[in-house]
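So that the names make sense, note that chain A is the first sequence line, chain B the second, and so on, each numbered from 1.
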Amino acid sequence: MNEDQRYHLLMAFRLTYLADSMVNWCPALGTVLANDEIKDGVSERGGHPVVQKKMRQWSMRISAFSERLLLGLDQIDWPENIKEIQRNWIGKSEGATAFFDLDQYEGQIEVFTTRPDTIFGVSYLTLAPEHPLVSSITTAEQKSAVEQYVQQAALKNERDRQVQSKEMTGVFTGAYAIHPLTGKQVPIYIGDYVLAGYGTGAVMAVPAGDQRDWDFAKHHNIAMVLIFENHDASESACTSKEVPLVNSDFLDGLCGKTAFNAAVEALEKIEHGNKKVNYRLRDAVFSRQRYWGEPFPVYFKDGKAQMIGDQELPVTLPDVDKYLPTEDGEPPLARSQWKYQNEFVMEYNTMPGWAGSSWYFLRYMDPKNAQAIASKEAMNYWGQVDLYMGGAEHATGHLLYSRFWTMILNDLGHVPFGEPFQKMINQGMILGRSSFVYRIKDTNTFVSADLRKEYQTQRLYADISMVDNDQLDTAAFKNWLPEYNNAEFILNEKGQYLCGFEVEKMSKSKFNVQTPDELIEKFGADTLRCYEMFLGPVEQSKPWDTKGINGVHNFLRRLNRLFQTDEGQWLVNQDAADKKSLQTLHRTIKKVTDDLNRHSWNTVVSTLMIAVNEWTEQKCHQQEVLESLLVLLSPYAPHLAEELWSKLGHKETVTIAQWPEAIAAFLEDDVFSYPVSFNGKTRFNIDLDANMDAKTVEEAVMGHEKTAHYLEGKAPKKVIVVPKRIINIVC
RNA sequence: CCGGAUGUGGCGUAAUUGGUAGCCGCGCCAGACUUAGGAUCUGGUGCCGUGAGGCGUGGGGGUUCGAGUCCCUCCAUCCGGACCA
């Protein structure tokens, strides 16, 4: 093998490789985008149109890791929905490839199918309009129709294709293939319901067994082959795998897995197919036509990419006169005339955002290390990221790429673990509550929300600062924007202008942004912080509602009053705390610690509230108790905790204080108040020694005066005693 | 259409292993102190009922001595993916 051949062979296997491929080109951004950077056919950033274009680009072979990325999901503690999004994105499907020889031409069409068992039902083949064989097999008579269709399809982006999905459009190519098992002619169509990027870009159409094929066949009047028992295909396709096959030669009477295997075996025997697992996951385009990005340590020699040696790293970005593409559409770095050793052209593309985000967390372990990402010692000490808090919007981008890179680095022996993030929590979003006014069509008159049904109206945003309790300050509204200066209002019978509302993401364009500044001004940052924790579970999204913030503020004030009066008189003493206060303390320590460990931050605040209420009632001012309270409080109200901590005489910050430990002796009461239920209905409580065994408890209950009353003279059939929980009498 | 999550008082929520449903807070009601209160304190507050009592965790069914929690089924809401062959 010569150098040239070796180079191209390696490119077909390298993890990062140069290839001519169809990429998502965004003209407005002047760069290519990865699949996950496109939402609904437009760029995620800016919402610009994206077109398909063939370009020579660097890609990373993430598809080679499909199976491992899929299996790894079972090893990590992530929210189920994110795992599911990744599973869908990887899109594993088990099926078979089958080869159909072309009639009259050299060559074959390869199709991927998950239902090889339905192969005797094939009535035609459909190619994606972009399929490479289309132009060479189309007959003279069909040429103009096919070309026209291909051109139309190219103009449509993916979104348009989906919108018109009801119409199963397509064109006959005039060519035929040979069915590998029957030897019969099968017409070849093109249709844009077949995607070039999935499978082989070609399908074997079985109208009796696939709804899309059925729709297409109906639309084009193609004869169907009936292959399912008691199914005439007059209404729809039969998609169940458990219906026995007919008209299928050696598969007759079989179904499911058995039929699947028999069909694949037959194809294998004549070398026209085999079992295959297909993944939806595509390789990720790794170059961007931007200035700001990591440069590639790559130069070109005789048109072949070469790596710059380790000793010459890092490569730094060259200076350019403008951070824009060149006139002939080259990336910004081309402006620099950048050369390696003054001789070889450097790679002008830069890496995408997901390059850095795939490994930055590793660097945190050892940020100054000049030899490696991080030292072995640091990696072994810190290990995986224990808890990753982030949003679900990165599920198919960053979160998948980080896993991919970590696997590579693990394979190469650079990191000692194969998954980057052991546990993940998706924090919910705090949403805004937008307010709306209703303008009567073609006027400048606004109607109150409760009367809007009587008019044809247009819904417009009103800034929430002008709205109080859904009532609009009409004077402020008129002054808000020039076009509203002479606005008129139709008020309801109470003389109010009511606004409509909707809960949605906070955004300037929706005029529903509430900054915490005012609340911090009024209540302080500690109150705001506690309140945010108190609102509910972290994972939950909810509208920002400040109604309850007073309650949290009162809690902190009550807490402060355990230490000093509102007038500033210091109350803390060195006396020994009584048992009750200590019980409150140690139960609180236990619950707060447990709740912290399960990330239940809202219940931590609630637990601290309960404790403060109890100590207030107990008139507890002992340093012994209150000191520990401050440590528990410090993550939630750091300023207050720190101030009181120093007033207790500490010289060092509370943030480094030892976390208190719950003493078991204080956690349990001597007496347990058993709920006594009859047939599952709780009737009364009975106080008994907490350590009493089940038998003694039963005796105590049966001897209780109220028991006889609720038995109503009947004999108990069964008495269930669960120590320190419940007593249930069945009668 | 497919997948995931969620459904508990007037509201935000709690109930960690199947064991007293509604903790904590908001709101509301009553009272105290006040010239005054968007301050503070006390008591009450799931629903129906004067009461005894009954009902109650989206609906229906099941398992169990016992179900908010487990199983089946239906409904609703939110999120995500969607011509994936």
Phosphate-side-chain proximity, [X] and [N], N/O vs OP1/OP2 below 4.0 Å:
X        : N      : value
A:Asn602 : B:rA14 : yes
A:Arg280 : B:rA82 : yes
A:Arg212 : B:rC84 : yes
A:Ser677 : B:rC65 : no
A:Arg558 : B:rC41 : yes
A:Asn426 : B:rA5  : no
A:Arg561 : B:rC41 : yes
A:Arg598 : B:rA15 : yes
A:Asn554 : B:rG25 : no

Syn or anti conformation of B:rG9, syn meaning chi within 90° of 0: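 Here the answer is syn: the torsion falls within 90° of 0.
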Flag for A:Tyr149-A:Thr169: side-chain donor and acceptor within less than 3.5 Å: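 Yes - a donor-acceptor pair under 3.5 Å links their side chains.
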Base-pairing assignment for [N] (Watson-Crick or G-U wobble, both under 3.5 Å):
N      : result
B:rC28 : B:rG44
B:rA15 : none
B:rG51 : none
B:rU8  : none
B:rG3  : B:rC79
B:rG66 : none
B:rU35 : none

Within the structure shown, what part of the strands sits under 4.0 Å from [X] by heavy-atom distance: base, sugar-phosphate, or nothing?
X        : result
A:Ser673 : base
A:Asn88  : nothing
A:Val730 : sugar-phosphate
A:Lys681 : sugar-phosphate
A:Pro79  : nothing
A:Gln540 : sugar-phosphate
A:Lys522 : base
A:Ile85  : sugar-phosphate
A:Lys542 : sugar-phosphate

Charged tip of A:Lys681 within 45° of A:Phe678 ring normal and under 6.0 Å: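 Here A:Lys681 fails the 6.0 Å and 45° test against A:Phe678.
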Starting at atom [atom1] of [X], determine the distance to atom [atom2] of [N], rounded to an integer number of angstrom.
X        : N      : atom1 : atom2 : answer
A:Phe534 : B:rC11 : CZ    : C1'   : 12 Å
A:His553 : B:rA39 : NE2   : C1'   : 12 Å
A:Leu535 : B:rG12 : CG    : P     : 11 Å
A:Leu70  : B:rG3  : CG    : P     : 17 Å
A:Glu84  : B:rG3  : CD    : C1'   : 6 Å
A:Phe216 : B:rA85 : CZ    : C1'   : 13 Å
A:Arg557 : B:rC41 : CZ    : P     : 8 Å
A:Asn613 : B:rU40 : CG    : P     : 14 Å

For [N] and [M], measure between their [atom1] atoms and round to the nearest Å.
N      : M      : atom1 : result
B:rU6  : B:rA14 : P     : 12 Å
B:rG62 : B:rU69 : C1'   : 15 Å
B:rG7  : B:rG59 : P     : 13 Å
B:rG37 : B:rC33 : P     : 13 Å
B:rG18 : B:rC71 : P     : 11 Å
B:rA76 : B:rA52 : C1'   : 38 Å
B:rG80 : B:rC29 : P     : 41 Å

A:Glu84 with A:Arg87: basic N within carboxylate O range, under 4.0 Å: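 Salt bridge flag = yes for A:Arg87 with A:Glu84.
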salt_bridge(A:Lys92, A:Glu67) N-O dist < 4.0 Å: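 Answer for the salt bridge query: yes.
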A:Lys423 atom NZ, neighbour heavy-atom count above 12 within 6.0 Å: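 Yes - once you tally the heavy atoms of other residues, nucleotides and ligands closer than 6.0 Å, there are more than 12.
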First encountered from the 5' end of RNA chain B, between A:Thr682 and A:Ile549: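 Final value for this comparison: A:Thr682.
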5'-most by nearest nucleotide on RNA chain B - A:Asn728 or A:Ser606: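 The answer here is A:Ser606.
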Residue pairs, two or more places apart or on separate chains, that pass side-chain hydrogen bond (donor to acceptor under 3.5 Å, both in side chains) and touch residues 535-544 of chain A: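 The answer is none; no pair qualifies.
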Side chain of A:Arg725 (C-beta onward), nearest among B:rG4, B:rC83, B:rU17: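 Looking only at side-chain atoms, A:Arg725 lies closest to B:rU17.
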Closest to the A:Arg683 side chain, choosing from B:rG54, B:rG25, B:rC65: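 Closest nucleotide to the A:Arg683 side chain: B:rG54.
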Separation between OG1 of A:Thr126 and CG of A:Asp192, rounded to the nearest 0.5 Å: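 Going from OG1 on A:Thr126 over to CG on A:Asp192, the span is 11.0 Å.
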Parallel, tilted or perpendicular: rings of A:His179 and A:Phe120 (30°, 60°):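 Answer is parallel, since the angle falls under 30°.
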